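Bear in mind the structure is a predicted one, so any value in this text is a computation, not a measurement.
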Amino acid sequence: MQNILTVCIGNICRSPVAEAMLKAALPDKNIWSAGIAALEGHAADKTAQDIAQEHGLDLSSHRAQQLSSYMCTQADLILVMETSHKRELEQKYPFTRGKVHCLGTTGPGKHVDIADPYKKDRTAFETSHRLITEGVQHWALLIKQLG
């Protein structure tokens, strides 16, 4: 499990945060992010950047990119933010079935969709950040166990 892709809608709020957290937790892995309807070339949202920075993560160099079939082919694991993203990817790219999982699924019967905080208040971003942190902690541990 060397190549890990995180996915959200615009690739400016949630998936860049998850990417940065996973890179910190799994420095030996190849980790990147993309958006289903990316705001290509845009920097990470300012509020997402501020909260990430408060937690020791630097999103300043992030630029949004559009999800592609090639990215999905290269990824061993694709972590999405919402169940609807999983369905959309598996419908558009049937070969992804089995390697697309929700970041907010942290155990049997433990699932939460990580809502998009885009254009919402700071509290929405803080909630998103907390849920991403919980998901990354769970998935990083699983990935480490797999080797």
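Residues satisfying the side chain to side chain contact (heavy atoms under 4.5 Å, CB included) criterion with A124, sequence neighbours excluded, are P117, K120, D121. By the side chain to side chain contact (heavy atoms under 4.5 Å, CB included) test, T105 is found to be paired with C102, H111, residues two or more places apart in sequence or in another chain being considered. Every residue two or more places apart in sequence or in another chain that forms a side chain to side chain contact (heavy atoms under 4.5 Å, CB included) with L142 is listed here: H138, W139, Q145. Partners of Q74 by side chain to side chain contact (heavy atoms under 4.5 Å, CB included), not counting sequence neighbours, listed by chain and number: W32, Y70.
Both L77 and L146 belong to a single network of hydrophobic side chains, linked directly or stepwise wherever heavy atoms of I, L, V, M, F, W or Y lie under 4.5 Å apart. A single hydrophobic cluster is seen to contain both V100 and M71, as judged by linkage of ILVMFWY side chains at heavy-atom distances under 4.5 Å, directly or through other members. Connection of I51 to L131 is not established within any shared hydrophobic cluster, with ILVMFWY side chains joined at heavy-atom distances below 4.5 Å, either directly or through further cluster members. By the criterion of side-chain heavy atoms lying less than 4.5 angstrom apart, applied directly or through intervening Ile, Leu, Val, Met, Phe, Trp or Tyr residues, F95 is not grouped with L79; the two fall into different hydrophobic clusters. No single ILVMFWY cluster, assembled from side-chain heavy atoms under 4.5 Å apart, contains both I31 and L67.
Between atom CZ of residue R14 and atom CZ of residue F125 there is a gap of 10.0 Å, rounded to the nearest 0.5 Å. If you take CG on L26 and CE on M21, they are separated by 13.0 Å, rounding to the nearest 0.5 Å. Put simply, CD1 on I78 and OG on S33 are 12.5 Å apart, with the number rounded to the nearest 0.5 Å. The structure places CD1 of I114 at 11.0 Å from NE2 of H129, a figure rounded to the nearest 0.5 Å. Of the inter-residue distances, the one linking L57 atom CG with Q49 atom CD reads 11.5 Å to the nearest 0.5 angstrom. Taking CD1 of I9 as the start and CD1 of I36 as the end, the distance is 4.5 Å to the nearest 0.5 Å.
Within the 4.5 Å cutoff, side-chain heavy atoms of L59 are placed close to those of V17. By the 4.5 Å heavy-atom criterion applied to side chains, L103 and V80 are not counted as neighbours. Side-chain atoms of K144 and M1, non-hydrogen and from C-beta on, never get closer than 4.5 Å to each other.
For T6 (side chain) and S15 (main-chain N/O), a donor-acceptor pair under 3.5 Å exists by modelled atom type. For the pair D45 (side chain) and C13 (backbone), a donor-acceptor distance under 3.5 Å is absent. A distance-only check finds a donor-acceptor pair linking the side chain of N11 to the backbone of Q65 [under 3.5 Å]. Remark: side-chain polar atoms of H55 are not paired, donor with acceptor, to backbone N or O of A52 under 3.5 angstrom.
By the 4.0 Å N-to-carboxylate-O rule, K99 lies too far from D76 to be salt-bridged with it. Note on K29 versus E19: no salt bridge recorded, every NZ/NE/NH1/NH2 to OD/OE distance being 4.0 Å or above. E126 and R130 are not joined by a salt bridge, as no carboxylate oxygen comes within less than 4.0 angstrom of a charged side-chain nitrogen.
Membership of the apolar cluster around L39 extends to I12, Y118, as traced through chained side-chain contacts below 4.5 Å between ILVMFWY residues.
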>> Would M81 and V7 count as a side-chain contact (heavy atoms from CB on, under 4.5 Å) here? Give the steps.
In response: CA-CA 7 Å; M81 303 299 139; V7 175; over 6 Å; no
Please tabulate, for side-chain N and O atoms in residues 86-94, each donor-acceptor pair with protein atoms closer than 3.5 Å (sequence neighbours left out).
from, atom 1, to, atom 2, distance (Å)
K86, NZ, E90, OE2, 2.9

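The minimum heavy-atom distance linking R63 with A43 is given by the pair NH1-CB, 3.4 Å.
Counted within 6.0 Å of CD on Q66, heavy atoms from surrounding residues, nucleotides or ligands total more than 12; the atom is thus considered enclosed.
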